[in-house]
A.B. asks: 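What follows is a single structure, and I will ask about it in a moment.
Order of listing sets the numbers, starting from 1, for every ligand and every atom in it.
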Amino acid sequence: TTPKPPVLTKSEVGKDAVHPGAPLVVLENVNKHFGALHVLQDIDLTIHKGEVVVVIGPSGSGKSTLCRTINRLEAIDGGRITIDGALLPQEGRELARLRSDVGMVFQSFNLFAHKTVLQNVTLGPLKVRREKADVVTRRAHELLDRVGVGSQADKYPAQLSGGQQQRVAIARALAMEPKVMLFDEPTSALDPEMINEVLEVMRDLAREGMTMVVVTHEMGFARSAANRVIFMADGRIVEENTPEEFFSNPRSDRARDFLSKIL
Ligand code: ADP
Ligand code: MG
């Protein structure tokens, strides 16, 4: 078994903190357009191993696009992105391999409707990584237990609640043994009573040292689990800080305005 990366405790993190983890995801001067729309503008962002970064900002500010560029669901027009030191290539087998270093969980759970819960979790490791079935199946059961849906393995997604489906989606992403997990509004499509069971799984992951980028409107999660909050507006990172500092003392007018509307 590989040693777990160090977990950053809040006291270790701050504007000037030395991060115990090495840089894992590095974006340098990343730019992206959709036609005339400059959706990501000069993004510089380094995410360290074991760090939990929460991304917030108004609708349309580029949060989802940022996530999608990190695993190359979207190409970038300028700049560079490295994952664990490897440059993200434009296409090909190498891209497929590097992409599997990045797990992604979406707002809409995106499970395969005609496959069982277990099959949803084993598919990637079997088809993409060509691992042995017995190894993959054992790991899938462990992951389903870990996210609290071990007894649902033989059901189909439609037989599960939204919260259970999203936890299966997390297990499915973890089955590829990613180096970093991206969550794009993972609880936004859930009924309120199911939000916490998903956030609790995410908190556990964070405690275990997983490197995570989380786009969310759940400010309680940001306060309790994030090492750093990034505030985006109009395709730019306008502000970044510890959650304590960001929520109590936002520096930009944009952030103050945003927080006054949601808190
Ligand atoms: P957020 O997640 O912060 O709400 P998005 O990254 O989804 O923002 O979108 C940022 C901007 O880019 C929005 O104006 C959106 O309409 C636009 N956009 C997103 N995806 C596409 C696309 N595939 N084609 C054209 N415009 C897009
Ligand atoms: Mg979005």
A.B. asks: Do you see a protein non-hydrogen atom under 4.0 Å from atom 16 (O) of ligand 1?
C.D. replies: no
A.B. asks: Would one find an N, O or S atom of S59, in either backbone or side chain, under 2.8 Å from the Mg ion (ligand 2)?
C.D. replies: no
A.B. asks: Please confirm whether G60 comes under 4.0 Å of ligand 1, counting heavy atoms of the residue only.
C.D. replies: yes
A.B. asks: For atom 5 (P) of ligand 1, grab the closest protein heavy atom and report residue, atom and distance to one decimal in Å.
C.D. replies: T65 OG1, 3.7 Å
A.B. asks: Before signing off on this row, confirm whether K63 and ligand 1 have an N or O atom pair separated by under 3.5 Å.
C.D. replies: yes
A.B. asks: Short question: side chain of R256, backbone of P250 - any donor-acceptor pair under 3.5 Å?
C.D. replies: yes
A.B. asks: Classify the contact between L66 and ligand 1 as side chain, backbone, both or neither, using a heavy-atom distance cut-off of under 4.0 Å.
C.D. replies: neither
A.B. asks: By number and element, which atoms of ligand 1 are closer than 4.0 Å to a non-hydrogen atom of L37?
C.D. replies: 11 (C), 12 (O), 14 (O), 17 (C)
A.B. asks: Any atom of ligand 1 sitting under 4.0 Å from a heavy atom of P58?
C.D. replies: yes
A.B. asks: So, D154 and T116: side-chain donor and acceptor under 3.5 Å apart, yes or no?
C.D. replies: no
A.B. asks: Can M219 be reached from L199 by stepping across I, L, V, M, F, W or Y side chains whose heavy atoms are under 4.5 Å apart?
C.D. replies: yes
A.B. asks: Look at the aromatic rings of H38 and H33 and report parallel, tilted or perpendicular, splitting at 30° and 60°.
C.D. replies: parallel
A.B. asks: In ligand 1, which numbered atoms sit nearer than 4.0 Å to a non-hydrogen atom of S61?
C.D. replies: 1 (P), 3 (O), 8 (O)
A.B. asks: May I ask you to identify the nearest protein heavy atom to atom 7 (O) of ligand 1, giving residue, atom name and distance to one decimal place in Å?
C.D. replies: S64 CB, 3.6 Å
A.B. asks: What residue and heavy atom of the protein are closest to atom 8 (O) of ligand 1, and at what distance?
C.D. replies: G62 N, 3.2 Å
A.B. asks: Are D234 and R254 close enough for a salt bridge, meaning some N to O gap below 4.0 Å?
C.D. replies: yes
A.B. asks: Tell me which protein heavy atom sits closest to atom 27 (C) of ligand 1, plus the residue, atom name and distance to 0.1 Å.
C.D. replies: F34 CD1, 3.2 Å
A.B. asks: Considering only heavy atoms, does V39 approach ligand 1 within less than 4.0 Å through its side chain, its backbone, both, or neither?
C.D. replies: side chain
A.B. asks: What I want to check is whether the side chains of D42 and N31 have a donor and an acceptor closer together than 3.5 Å.
C.D. replies: yes
A.B. asks: Quick one: do D204 and R146 make a salt bridge, cutoff under 4.0 Å?
C.D. replies: no
A.B. asks: How many angstroms lie between atom CZ of R228 and atom CG of N241, to the nearest 0.5 angstrom?
C.D. replies: 10.0 Å
A.B. asks: Are R139 and E131 close enough for a salt bridge, meaning some N to O gap below 4.0 Å?
C.D. replies: yes
